[in-house]
Amino acid sequence: MKVLDSLVEMVRAVHGLAGKVAQHDRDLAQQMKRASTSAALNGSEGLYAKAGKRRSRLEDAVNSARETLMALRIAGACGYLPASEAAVAMRDVDGVIAVLWVLAYRR
């Protein structure tokens with residue numbers, strides 16, 4: 001599924017950026033990594049779950065992706081990441097959030 005590829009790419013990108021962030025704020029870098037990984041794992045679980053568990057896992061994935069997005073915003077605002085890198089990553093994570101949202105709430 002394409003969404004799984006997008007989730008893996010998000011994790012790869014965020015983990016790469018976390019290395020730069022860790023030079024300034026180790027805790028924020030770790031939180032970025034945890035949140036992005038959680039989004040991917042919950043998203044994958046939700047795609048294959050049934051009924052209520054499907055929505056619940058996808059909602060968890062959306063929330064973890066939103067946490068990832070905020071961590072990127074904070075890293076950019078604090079100057080831990082170049083503005084252009086932060087902007088590209090935030091745009092990509094926002095796209096993942098949109099897809100997960102549709103998967104969680106489509107009728």
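The side chain to side chain donor-acceptor pair (under 3.5 Å) analysis of residues 68-80, with sequence neighbours excluded, yields no pairs. Residue pairs meeting the salt bridge (charged side-chain N to carboxylate O under 4.0 Å, His left out) criterion with at least one member in residues 42-51, sequence neighbours excluded: Glu45-Arg57. Sorted by first then second residue, the salt bridge (charged side-chain N to carboxylate O under 4.0 Å, His left out) pairs that include residues 21-41, not counting sequence neighbours, number zero. Contacts classified as salt bridge (charged side-chain N to carboxylate O under 4.0 Å, His left out) and involving residues 78-105 (residues at least two apart or in different chains) are given here: Lys20-Glu85.
Taking both residues in full, the closest heavy atoms of Ser36 and Val14 are given as OG-CG1, 3.7 Å, listed atom of the first, atom of the second, then distance. Between Ala104 and Arg55, the shortest heavy-atom distance links the atoms O-NE, 3.0 Å. The minimum heavy-atom distance linking Gly43 with Leu100 is given by the pair CA-CD2, 4.3 Å. The two residues Ala29 and Ala18 have their closest heavy-atom pair at CB-O, 3.3 Å.
Every side chain to side chain contact (heavy atoms under 4.5 Å, CB included) that Ile74 has, sequence neighbours left out, goes to Leu28, Met70, Cys78. Applying the side chain to side chain donor-acceptor pair (under 3.5 Å) rule to His15 yields the partners Thr37; only residues at least two apart in sequence or on another chain are considered. Ala86 meets the side chain to side chain contact (heavy atoms under 4.5 Å, CB included) test with Leu81, Met90; sequence neighbours excluded. In this structure, the side chain to side chain contact (heavy atoms under 4.5 Å, CB included) partners of Ala49, at least two apart in sequence or on a different chain, are Lys53, Arg54.
When hydrophobic clusters are built by joining Ile, Leu, Val, Met, Phe, Trp and Tyr residues whose side-chain heavy atoms come closer than 4.5 Å, directly or via intermediates, Leu7 is not grouped with Leu41. Connection of Met10 to Val8 is not established within any shared hydrophobic cluster, with ILVMFWY side chains joined at heavy-atom distances below 4.5 Å, either directly or through further cluster members. Residues Leu69 and Leu103 share a hydrophobic cluster, clusters being chains of Ile/Leu/Val/Met/Phe/Trp/Tyr side chains in contact below 4.5 Å. Both Val99 and Leu72 belong to a common hydrophobic cluster when Ile, Leu, Val, Met, Phe, Trp and Tyr are linked at side-chain heavy-atom distances under 4.5 angstrom.
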Exercise answer: donor-acceptor pairs, residues 60-67 side-chain atoms, under 3.5 Å, sequence neighbours excluded:
residue : atom : partner : partner atom : Å
Asn63   : ND2  : Glu59   : O            : 3.3
Ser64   : OG   : Ser38   : OG           : 3.0
Ser64   : OG   : Asp60   : O            : 3.3
Glu67   : OE2  : Gln31   : NE2          : 2.2

